[in-house]
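Chain letters run A, B, ... following the sequence lines, proteins first, then strands; residues in each count from 1. Predicted model only: the values in this text are computed from it and were never measured.
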Amino acid sequence: MRKVSFPYMGTSYIPFEKVLMKFGNEVIVPPKPTMETISFGTKYAPEFACYPFKIVLGTYVQVLEAGADTLVSSGGVGPCRAGLYTTLQEKILKSHGYEFEMITMEPPGRHLRDLIKNVKKLINAKVSFADCIKIGRFAWKELVLLDKAEKLSHKIRPLEVKRGEASRAYKKSIELIADAEKYSDLLEIEREIENLYEKIPKKDMEPIKIGIVGEIYVLLEPSSNLEIEEMLGELGVYVERSMFLSEYVISNALLDLFHIKGDRDAKKMASPYFNEMCGGHGRESVGNAVIYAKRGFDGIIQLSPFTCIPEIVAKSILPKVCEERNMGFMAISLDEQTGKEGLRTRLEAFVDLLYFKKKRRQQLTNNSQLARGLA
Amino acid sequence: MKIGIPRALAYYAYYPFINTFFEKLGLEVVVSDETTKETMDYGIDDTITDACVPIKLFHGHVRSIMDKVDYVLVPRLVSVNREATFCPKFLGLPDMLRCSIADLKNELEVRVDIKQSKLKLFLLCLKVAKQLKKGFFKAYSAYLQALFSFRNYTHQFLQGGIPPLGIVGQHKDKSIRLGVVGYPYMLYDSYLSLDLIRKLISMGVYVVTPEMIPDREKKRQGKKLKKTLFWTFSNNVIRAAYHFFERQDVDGVIHITAFGCGPDFIVDKLMEIDAKNYKMPFLTITLDEHTGQEGLNTRLEAFVDMLKINRAKKEALFA
Ligand code: SF4
Ligand code: SF4
C-alpha cells in the first residue's frame with residue numbers, strides 16, 4: 001500500500017487524511033510544524049528560500065523519516081515560486097538519499113490530463129462514483145466547518161470575559177470535526193460548535209478591527225505566523241483574514257478548471273494601485289486592504305515570508321493605500337528568526353495607536369455634532 | 001522632447017532596441033549615467049529595505065534623471081515569449097515606483113506583453129509612437145532600425161564580444177574558460193558587479209555569458225528541467241548553465257546573484273545540485289550594496305587558481 005503524506009497547512013490535514021484513506025492509501029499525517037521541523041528545513045533549504053518552502057521541506061523530511069513513500073502537493077503556475085517548490089524539493093531530498101514519489105497536483109486549468117493521471121495514482125481502492133461524490137461532499141463540508149469554527153473564534157475572542165475561552169472552544173471544535181465520520185455527524189457538530197461559542201460570556205463593546213492580508217501559507221498556518229490571530233484577539237482586537245482554506249481550494253481547483261479568475265473583487269479594488277497580476281497573492285493583498293478600508297476597518301497587517309517577492313511589491317504599495325484611507329499599517333515579515341515576544345510588543349504598540357486614533361476620531365465627530373447642535 | 005531611460009534592469013538586455021527606437025523617432029534620448037554610489041544611495045532611500053539591489057538601483061536611476069527629461073521610460077515586462085513571464089518585481093515595477101517616488105509625475109509606462117510575436121512588438125511600438133505624437137511611417141522606420149541594431153548586438157555576443165561592457169572580442173587562446181551566468185542587469189552593471197567580468201578577463205580568463213550562447217541551443221537545454229521556470233531571465237541563466245554542464249567546454253561556472261533575489265534561490269540551488277552531478281566546479285557569488293571589492297577578488301582568484309591546478313593535473317594525466 002502507498003504511504004502517502006502531504007504538507008501541513010492549518011487544519012487542512014483533517015479532510016485530506018480522510019479522503020486519502022477512503023481511496024485506499026495509508027496516510028502518514030504530517031506533524032504540526034515545530035522548531036525541529038524548521039531546523040530540518042533550514043538545514044536542507046537554500047538560505048534565501050522563502051519561509052513556507054523551509055517549513056514544507058522540513059515536514060517532508062519528518063514524514064519521510066516516518067516511512068512515507070509518496071508526497072502529494074499542489075503545484076501552481078506561478079509566476080511565483082510556489083509553483084516550482086516541488087521540482088526543487090524533490091531534487092534536494094533525493095540528493096540527500098531519500099526515495100519517494102512526488103505527486104504534484106497542478107491546477108486543472110492548464111494541466112487537466114496530468115491531474116487526472118496523478119489522481120489515478122492515488123486511487124488504490126475500488127470506489128464507486130456515488131462513493132466519490134459522498135467523500136467529496138463530506139470533505140468539503142469539513143473544510144467549510146473548520147473555517148467557520150475559526151471565523152467564530154476571531155469574532156468571539158476579543159469579547160471574551162475570561163481569557164482563553166474562545167481558544168478552548170476552537171480547539172474543541174476541531175476535535176469534534178476531526179472525529180466526525182458521516183455527513184450527518186457534521187450537521188450535528190455544526191450546531192454544537194455554534195453552541196460552544198454561544199455559551200462563552202461576552203463583554204459588550206466594539207473592538208478595534210484589523211484586517212490581515214498577505215501570503216497564503218503564513219496566513220493559514222498559525223505556527224508560521226506565531227499565532228498572531230490569537231495574540232491580537234487577546235489584545236481585544238477583532239481580526240479578519242483575507243483568505244481561508246475552503247476559498248483557496250475553490251479558487252485554485254474549481255474556478256481554475258473553468259478559467260474563472262478567483263477573487264475578482266480584490267483584483268478590481270487593487271486596480272488603481274496595482275495593475276498586473278504578479279503571482280502569489282500580492283495583488284489580492286492590496287485589493288483586500290481597499291475592501292477592508294471600505295468596511296471601516298481600523299488597520300491592516302500584512303504577513304509575508306521574508307524575501308517573498310509578490311508581497312515585497314505589495315509592501316511598497318500598501319503604505320500609500322492605508323495612508324490615503326486613514327488606516328494604520330504594519331508589515332510583518334516572518335522567518336525562523338522572528339520571535340514571539342518581540343512581535344507581541346510591536347502588536348501592542350500598534351493596537352494602542354489604533355485605539356488612540358479611533359478615540360480621536362470619535363471625539364472629533366462628537367465635537368462636530370455638538371457644534372452643529374449649538375449652531 | 002527628451003525621453004529619459006533608466007540604465008537598470010531590462011535596459012541591459014534590450015538597450016540597442018530601446019535607444020535606437022526613440023532616437024529614430026526623433027526624440028532626444030537621455031540615458032541615466034552609469035551606476036555610482038550616489039545612484040545606489042538614492043535607490044536605498046526610496047525603497048523598502050527588503051527589495052533586491054537591482055530594484056533599488058532602478059529607483060535610483062529614475063530619480064537621477066526624472067527632473068531632466070519630459071518622460072521617464074518605465075517598462076512593465078510581462079512576456080517576450082510564450083513560455084515564461086518575468087520576476088514579480090518586473091511585473092509590479094511601475095506600481096511600486098509610483099508609490100515609492102511620490103514626486104514622479106512624468107513616467108511613460110510601457111507594458112510589454114508580446115509573446116514572441118513580431119507583429120505585437122510592432123503594434124506596441126506604434127502605440128508608444130502615438131503617445132508621443134509621432135506618425136506611422138516614422139514609427140515603422142524607427143522600429144525597423146531598432147530591430148536591426150538589436151540583431152547587430154546579439155550578433156556581437158555570438159562572436160565572443162560583450163557589447164554592454166565595450167568588450168569587442170576576447171583572445172581564444174586563454175588558458176581558462178569560465179561560464180559566468182546571471183541576469184544581464186547584474187553582470188553588465190560594472191558598479192554592481194564590481195567589474196567582475198573585466199577582472200576575470202584580466203586574470204587571463206575567457207568569459208562566456210548566457211547571451212553568448214545561441215538561443216536555439218538554450219531552448220534545447222530547457223528540456224532538462226521537469227518544469228519550465230516562470231521567469232524569462234532565469235530560464236536563460238539556467239539553460240546556459242546546463243549547456244556548460246553538458247558540453248564541458250568550460251573549466252567552471254560562476255553564478256552571480258543578488259542578495260535576497262526571489263527566483264534565484266530556486267535557480268541557484270538547481271544549478272548547484274546539477275553542477276555536482278556533472279562534476280562541474282561551481283561558485284555562487286551573492287552581491288549586495290555592501291559587497292566589498294577585496295573579498296570578491298580573493299574569492300575569484302582562489303577559484304581561478306583552483307581551476308588552473310585542475311587543468312594542469314588533467315593535462316599531466318593525458319601527457
Ligand atoms: S508567494 Fe512568497 S512565499 Fe509564496 S512562493 Fe512566492 S515568494 Fe515564496
Ligand atoms: S529576478 Fe531577482 S534580482 Fe531580478 S528583480 Fe527579481 S528579485 Fe530582483
Under 4.5 Å from a heavy atom of chain B, the part of [X] involved:
| X | value |
| --- | --- |
| Leu318(A) | neither |
| Lys320(A) | side chain |
| Glu47(A) | neither |

[atom1] of [X]: more than 12 outside heavy atoms within 6.0 angstrom?
| X | atom1 | value |
| --- | --- | --- |
| Lys120(A) | NZ | no |
| Glu323(A) | CD | no |
| Gln248(B) | CD | yes |
| Lys43(A) | NZ | no |
| Glu83(B) | CD | yes |
| Lys130(B) | NZ | no |

To check you understand the geometry: which heavy-atom pair defines the closest contact between [X] and [Y], and what is its length?
| X | Y | answer |
| --- | --- | --- |
| Pro46(A) | Phe265(B) | CG-CD1, 3.5 Å |
| Gly92(B) | Val313(A) | CA-CG1, 4.0 Å |
| Ser316(A) | Cys99(B) | O-CB, 3.3 Å |

Distance, nearest 0.5 Å, that separates [atom1] of [X] from [atom2] of [Y]:
| X | Y | atom1 | atom2 | value |
| --- | --- | --- | --- | --- |
| Met96(B) | Lys315(A) | CE | NZ | 10.5 Å |
| Leu229(B) | Thr87(A) | CG | OG1 | 8.0 Å |
| Asp264(B) | Phe48(A) | CG | CZ | 10.0 Å |
| Cys52(B) | Ile312(A) | SG | CD1 | 7.5 Å |
| Ile309(A) | Phe90(B) | CD1 | CZ | 11.5 Å |

(request) Go through the atoms of Ile55(B) and report whether side chain, backbone, both or neither lie under 4.5 Å from a heavy atom of chain A. (result) neither

(request) Pick one of side chain, backbone, both or neither for Thr284(B), based on which atoms fall under 4.5 Å of a heavy atom in chain A. (result) neither

(request) Name the member of Glu272(B), Arg98(B), Arg76(B) that forms the most heavy-atom pairs with chain A at distances under 4.5 Å. (result) Arg76(B)

(message) Looking only at heavy atoms and a cut-off of under 4.5 Å, which of Asn277(B), Leu225(B), Ile273(B) has the most pairs with chain A?
(response) Ile273(B)

